[in-house]
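This is the structure, below, for whatever I ask next.
By convention in this document, chain letters (A, B, ...) are assigned in the order of the sequence lines, proteins followed by strands, and residues within each chain are numbered from 1.
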Number of protein chains: 2
Amino acid sequence: MTVSKTPPDHDASSVEPQDMEDMEGLRQAIELLFFAYRDFTAEPDAILAHYNFGRAHHRVIYFVGRNSGITVSQLLDILQITKQSLARVLRQLIDEGFIEQRQDLGDGRRRLLHLLDKGVEIEALLTARQAARIAAAFAAAGADAPQGFKDVLRGMINKKDRQRV
Amino acid sequence: MTVSKTPPDHDASSVEPQDMEDMEGLRQAIELLFFAYRDFTAEPDAILAHYNFGRAHHRVIYFVGRNSGITVSQLLDILQITKQSLARVLRQLIDEGFIEQRQDLGDGRRRLLHLLDKGVEIEALLTARQAARIAAAFAAAGADAPQGFKDVLRGMINKKDRQRV
DNA sequence: AAATATACGTCAGCCTTGTTGACATATATG
DNA sequence: CATATATGTCAACAAGGCTGACGTATATTT
């Protein structure tokens with residue numbers, strides 16, 4: 001392996017374009033988002049591992065729980081993954097009795113997804129953990145912080161999906 | 001395939017434990033976080049694909065850029081992945097001339113990581129895109145929103161890493 | 001009624017990025 | 001000199017993305 005020998009540097013202060021005076025604040029936001037999301041997902045991931053499930057299962061369970069009777073294609077719109085990727089985890093969730101699909105009486109091509117008891121249970125557990133983390137952060141921040149938090153997140157979402165939440 | 005036939009239901013309103021009166025707001029936050037992070041990462045991912053890089057490369061480039069001279073183990077602490085996972089992408093980044101490692105003169109076991117020109121360039125591009133998205137969201141939200149946004153995110157990070165940002 | 005479009009499922013194979021476990025080397029430190 | 005630390009690497013595996021191809025049931029259009 002080739003390793004060059006040089007004194008440790010500290011890269012002084014780098015030049016920032018003047019039209020980006022607030023770059024530092026934006027970089028802070030980028031990093032906070034990384035760390036927060038990292039820890040926000042790590043906790044559910046650990047729980048899911050007990051069921052031999054992963055983050056992909058979590059997403060499906062969550063959004064089916066939140067939108068009972070959602071169709072497969074609506075779920076695909078939310079997750080923005082391919083149907084093959086969804087099929088893999090959905091099949092497991094159905095086979096293992098966490099989710100049930102019923103045929104839509106109006107349009108027989110559609111499969112309406114519903115959580116079964118086991119699904120409701122794990123959804124509640126996972127959501128409770130994530131909600132608790134957010135609730136703690138809300139409580140620690142100022143009273144106006146939750147609104148600011150949500151408003152900024154909403155603004156970060158592509159227009160098309162902003163009205164979803 | 002077995003599909004039960006039942007009329008479409010709307011699952012009425014589910015029961016919420018009374019100690020979680022604000023559950024709706026917390027669920028909103030959970031979903032906003034999901035959608036915002038999804039779109040926040042999708043844009044860089046698309047750019048990185050042109051270089052045959054992925055999200056893992058982005059993280060390394062970003063944090064090496066932000067912490068010039070960072071060691072491998074410090075980077076591992078941030079990313080919270082195994083050294084083998086890091087090694088795979090780091091090797092590519094070094095081989096392809098995006099990152100350089102220099103030996104620490106104080107402690108010769110350490111490798112200090114630095115962006116090379118190509119690395120600086122792509123880092124700037126990716127960060128500019130993400131910063132622009134956040135800047136737009138900041139501008140669209142109220143003047144106090146950015147502070148609330150950051151405060152809540154900070155509160156969501158595990159204590160150990162809160163002081164990082 | 002026939003043709004086409006839509007919703008969904010599935011098979012096969014590939015890639016990235018995470019994991020574990022084992023082991024090697026250089027350098028620091030006790 | 002012995003041990004601990006920082007790093008690198010090989011091998012194998014799993015999760016969860018992807019593409020492409022194809023099948024079937026149901027709706028819709030012609």
Polar side chain donor-acceptor pair, A/Arg133 to B/Asn158, under 3.5 angstrom: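 Present: a donor and an acceptor within the cut-off.
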May I have the distance from A/His58 (atom NE2) to D/dA15 (atom P), rounded to whole angstrom?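 Nearest whole value for this atom pair: 18 Å.
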Has A/Gln103 got a side-chain N or O lying under 4.0 Å from the OP1 or OP2 atom of D/dT26?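 Answer is yes, contact under 4.0 Å.
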Euclidean distance, atom CG of residue B/Asp45 to atom C1' of D/dG16 [Å, nearest integer]: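 So the two atoms are 14 Å apart, to the nearest Å.
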Under 4.0 Å from OP1 or OP2 of D/dT7: is there any side-chain N or O of B/Arg110 that close? no
Among C/dA12, D/dA11, D/dT7, the one nearest any side-chain atom of A/Gln84 is C/dA12
Length of the CG-P vector between B/Leu90 and D/dG8, whole Å: 7 Å
For the residue pair A/Phe98 and A/Phe53, does the interplanar ring angle fall in the parallel (under 30°), tilted (30 to 60°) or perpendicular (over 60°) class? perpendicular
Nearest-Å distance, CD1 (B/Ile94) to P (D/dT7)? 12 Å
Please report, rounded to the nearest Å, how far the P atom of C/dG9 is from the CG atom of A/Leu112. 11 Å
Within the 3.5 Å criterion, strictly below it, is a donor on B/Glu31 or A/Tyr62 matched to an acceptor on the partner's side chain?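 Yes, A/Tyr62 and B/Glu31 have a side-chain donor paired with an acceptor closer than 3.5 Å.
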What residues form a salt bridge (Lys or Arg N to Asp or Glu O under 4.0 Å) with A/Asp95, not counting sequence neighbours?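 Scan of A/Asp95 (salt bridge (Lys or Arg N to Asp or Glu O under 4.0 Å), adjacent residues dropped) gives A/Arg91.
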Roughly how many Å is it from CG in A/Leu76 to C1' in C/dT10, rounded to a whole number?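 Value for this atom pair: 14 Å.
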Whole angstroms only, please: what is the CG-P distance between A/Leu79 and C/dC8?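 Rounded to the whole Å, the gap is 13 Å.
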All N/O contacts under 3.5 Å from nucleotides 1-3 of chain C to the protein, with atom names and distances to one decimal?
none

Take atom CG of B/Asp104 and atom P of D/dA6, then tell me their distance rounded to the nearest Å. 12 Å
Can you check whether any acceptor in the base of C/dT6 is under 3.5 Å from a donor in the side chain of A/Arg109, or vice versa? yes
Could you go over nucleotides 15-18 of chain C and give all protein N or O partners under 3.5 Å, atom names and distances?
residue : atom : partner : partner atom : Å
C/dT17  : OP1  : B/Arg55 : N            : 2.9
C/dT17  : OP1  : B/Ala56 : N            : 3.3
C/dT17  : OP2  : B/His57 : ND1          : 3.3
C/dG18  : OP1  : B/Arg59 : NH1          : 2.9
C/dG18  : N7   : B/Arg88 : NH2          : 2.3
C/dG18  : O6   : B/Arg88 : NH1          : 3.2
C/dG18  : O6   : B/Arg88 : NH2          : 3.4

Is there a side-chain hydrogen bond (donor to acceptor under 3.5 Å, both in side chains) between A/His57 and A/Gln92 once you walk through the steps? CA-CA 9 Å; A/His57 301 83; A/Gln92 285 178 271; 3.0 Å; yes
With B/Arg109, which residues qualify under salt bridge (Lys or Arg N to Asp or Glu O under 4.0 Å), at least two apart? B/Asp107
Mind checking side-chain contact (heavy atoms from CB on, under 4.5 Å) for B/Ala137 and listing every partner two or more places apart, or none if nothing turns up? A/Val152, A/Met156
Indicate yes or no: at least one non-hydrogen side-chain atom of A/Val64 is less than 4.5 angstrom from one of A/Leu93.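 No, too far: nothing below the 4.5 Å cut-off.
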So, using salt bridge (Lys or Arg N to Asp or Glu O under 4.0 Å) as the criterion, who are the partners of A/Arg59 when residues are at least two apart?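 Per chain and number, A/Arg59 pairs via salt bridge (Lys or Arg N to Asp or Glu O under 4.0 Å) with no residue.
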Against the side chain of A/Ser73, the closest entry in C/dA7, D/dT9, C/dG9 is C/dA7
